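Treat the numbers as computed from the prediction; the structure is a model and nothing was measured. All chains are named by letter (A, B, ...) in the order of the sequence lines, taking the proteins before the strands, and each is independently numbered beginning at 1.
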Amino acid sequence: IAGITQAPTSQILAAGRRMTLRCTQDMRHNAMYWYRQDLGLGLRLIHYSNTAGTTGKGEVPDGYSVSRANTDDFPLTLASAVPSQTSVYFCASSATGEADTQYFGPGTRLTVL
Amino acid sequence: GEDVEQSLFLSVREGDSSVINCTYTDSSSTYLYWYKQEPGAGLQLLTYIFSNMDMKQDQRLTVLLNKKDKHLSLRIADTQTGDSAIYFCAESIGGSYIPTFGRGTSLIVHP
């Protein structure tokens, strides 16, 4: 059982480039989330999806977009990366009815130069 | 102010008990959680407590909840070097609401 996988593990990206971070879960969880983690700021929610076909904005959505075409996948796209998007990105999923417990992926370390 | 607050650092000696504290503001919180993040990894759920409970114990971990003061604590007995990590407190009001996380407490265990 893989749980949640994220790809790539790390990436260095030139400013202005487009980038998609991938997230896949095999637990059939209905809800999925994207967070960024920055030193001193903790976890900040970027976007979320309560079920396939729906998405919502979190605390820091600007510059990011998501899609949820199916239950398993929840990609995060940076249309035109900027240095302030340098961060560690975590994908998470949860199943309604399990006390909203979230399961996290291993993270993607993104550096925008 | 923030919805969930934690101190940023805690240093303890190996073998001692660690107590990590958290305060939250939403009185309608249904679930309160403790997550652990080891270096270079994602967050991993340690334990959670329902808001109608005062205490939950799981091996070396004890969670205490004071609803009146909106205070949550995590006690780790016989702290080991492997317990060194960042510990996040989180709260949720349930019903598909997204948990709110604190900024995390870095626990440093020294010999």
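Heavy atoms of other residues, nucleotides or ligands lying less than 6.0 angstrom from CZ of A/R17 number 12 at most. When the shell of 6.0 Å around CD of B/Q44 is examined, it contains 12 or fewer heavy atoms from other residues, nucleotides or ligands.
Applying the side-chain hydrogen bond (donor to acceptor under 3.5 Å, both in side chains) criterion to A/Y48, with sequence neighbours excluded, gives no partner residue. Looking at residues two or more places apart in sequence or on another chain, you find a ring-ring contact (aromatic ring centres under 6.0 Å, His included) between A/Y64 and A/Y89. Partners of A/A52 according to the side-chain contact (heavy atoms from CB on, under 4.5 Å) rule, which considers only residues two or more places apart in sequence or in another chain, are A/R68, A/T71.
In this structure, B/T100 OG1 and A/E59 CD are separated by 9.0 Å, a value rounded to the nearest 0.5 Å.
Below 4.5 Å, heavy atoms of chain B meet heavy atoms from A/F104, A/G105, A/P106, all part of residues 104-113 of chain A.
Clustering ILVMFWY residues whenever any of their side-chain heavy atoms sit less than 4.5 angstrom apart, transitively, puts A/W34 in a cluster other than the one holding A/L43. B/L32 is connected to B/L61 through a chain of hydrophobic side-chain contacts under 4.5 Å among Ile, Leu, Val, Met, Phe, Trp and Tyr, so both are in one cluster. Connection of A/L13 to A/V88 is not established within any shared hydrophobic cluster, with ILVMFWY side chains joined at heavy-atom distances below 4.5 Å, either directly or through further cluster members.
Applying side-chain contact (heavy atoms from CB on, under 4.5 Å) to B/F101 and the options A/Q37, A/R44, A/Q102 leaves one that passes, A/Q102.
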**OP:** For side chain to side chain contact (heavy atoms under 4.5 Å, CB included), just list the numbers for A/F90 and B/Q37, CA-CA rounded to whole Å, side-chain angles, deciding distance to a tenth of an Å, and then say yes or no.
**Re:** CA-CA 12 Å; A/F90 289 100; B/Q37 183 182 31; 3.3 Å; yes
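Neither the backbone nor the side chain of B/L8 comes within contact range of chain A, judged by heavy atoms closer than 4.5 Å. With a 4.5 angstrom heavy-atom cutoff, A/L45 touches chain B only via side-chain atoms.
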